[in-house]
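Here the structure is laid out as structure tokens; the discussion comes afterwards.
Position 1 is the first residue of the sequence, and the numbers go up from there. Just follow the structure's listing: the first ligand is 1, and inside any ligand the first atom is 1. Computed from a prediction, not measured in an experiment: that's the story for all the values here.
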Amino acid sequence: MKILAADYLVTMDETRKIIRNGAVLFEGSQIVDISFDRELARSKYPDAEFEYLGSNSVIMPSLINAHVHLEFSKNKTTLHYGNFIDWLSSVIEKKELTSEIDLVSSMQDALRLMKKSGIGALGAVSSFGKDVEVLASSGMRVTLFNEILGTGEERAEEIKSDFLRRFETSKRYASSMLTPAISLHSTYSSSRRLIDFAASFAKENSLKICTHFMESKAERFWLDKNRGEFKVFFKAYFGVERSVIKADDFLSKLSGLKAIFVHCTHATDAELELIRNDGGFVVHCPVSNRLLGGRLLDVETAKNMGIEYITATDGLSSNYTLNLWNEMRNALFGYADLSLKLLPYDLLKSVTINAAKALGINSGKLEVGQNADLIAFCLPGFVEEDEYLPLQIILHTNKVDKLIINGVEING
Ligand SMILES: [Zn+2]
């Protein structure tokens, strides 16, 4: 058994408990006790290994990046930002982005950075299956969303068999730490046959499913009116004249799956209600949304509707770092009209317990019986009021001193 003690324990549990001078006790892969007094914990478990993490130290659940595309980690300065269609065209045209050259090392660098910043679990969208091996050996808890997409009905069988081949490969790496899942790319990039296939495949195999949903004004126009920038784009690249599906039809095809809808920045209130009523999840990626010329998710409306949103980085094709602290800081400044007493805690929730619920993992809060997935770091000074602790944590943290996943200390 190990006792980790800190000045602040941010439990992220349902009662929002913050414990001063407390300790977390874990044995093997599980949290077995939470103590309100570190000295009492020490005397209660005299044989346990004890470690106090120092002045102004914080222990909290490790972070969860619920939406990332690791295979796009090579992008640094090449893609076009500011408009979704310009960006998408640049992703398609710049083939070197996904070429094999330096791909593995760029993915390893990205994973190393995430671990240093305290990310212990990922929802990774895998487009080509080139990331499976590095993810499986990362020591992180991974939900691997094998992606499926393709607009032409005539190519549906070929696309399905490529997906099934990648899915079978990912199953060979399946373990208590890696769970194969499915990603249906988006509303606009798949034929009806593929949408039906993805939904029934997820259902039959009890898989987690995620999809990009209403990320841009162009997507909204295309699905609602068969107009706008997507019309030009689809004609140029795929010879397609009309959207294959309306948004509500798309949502109804995924109903019953508790799907993860990524972005939703241009979703209507009625669509958000449908997602909520179905037990689905909403992920937003503020940096990506800004860079691709979109807008930020209306998190206050979502929250008032009872949607516990999730914050994630998306891939390096639409971000400059996969550090979730950075993502939270950007959100903090992006939502300039929201309370600095409430928003920071919501953001911490969005990368811990909310993300854990979406991925279906037993992590994201410090509680007896949870996975021992936690991080420790130190703040530069004392924080007097608990209500400002989440804000100070987000302002001052970039990397962590300790990342423990499944009870094992991971060195980035
Ligand atoms: Zn994405």
Using ring pair (Phe, Tyr, Trp, His ring centres under 6.0 Å), reason through F201 and F163 one step at a time and then give a plain yes or no. CA-CA 11 Å; F201 191 79; F163 163 80; 5.3 Å; yes
Are there any protein N/O/S atoms under 2.8 Å from the Zn ion (ligand 1), and if so, which?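 The answer is H67 NE2, H69 NE2, H212 NE2, D314 OD1.
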Report yes or no: is the cationic atom of K130 (NZ for Lys, CZ for Arg) under 6.0 Å from the centre of the six-membered ring of F128, at an angle within 45° of the ring normal?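 Output yes; distance and angle both within limits.
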Test the R20-Y8 pair against the cation-pi criterion, namely NZ or CZ under 6.0 angstrom from the six-membered ring centroid and within 45° of the ring axis.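 Judged by the rule (NZ or CZ under 6.0 Å from the ring centre, within 45° of its axis), R20 is not positioned above Y8.
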Do I64 and V351 have side chains that get closer than 4.5 Å, going by heavy atoms?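 A side-chain contact is absent here, since even the closest heavy-atom pair is not under 4.5 Å.
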Answer with yes or no after comparing the ring centroid distance for F221 and F230 against a 6.0 Å cut-off, counting only values under it.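 No, ring centres 6.0 Å or more apart.
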Apply ring pair (Phe, Tyr, Trp, His ring centres under 6.0 Å) to H185 and H212, showing your working. CA-CA 6 Å; H185 175 262; H212 296 102; 5.0 Å; yes
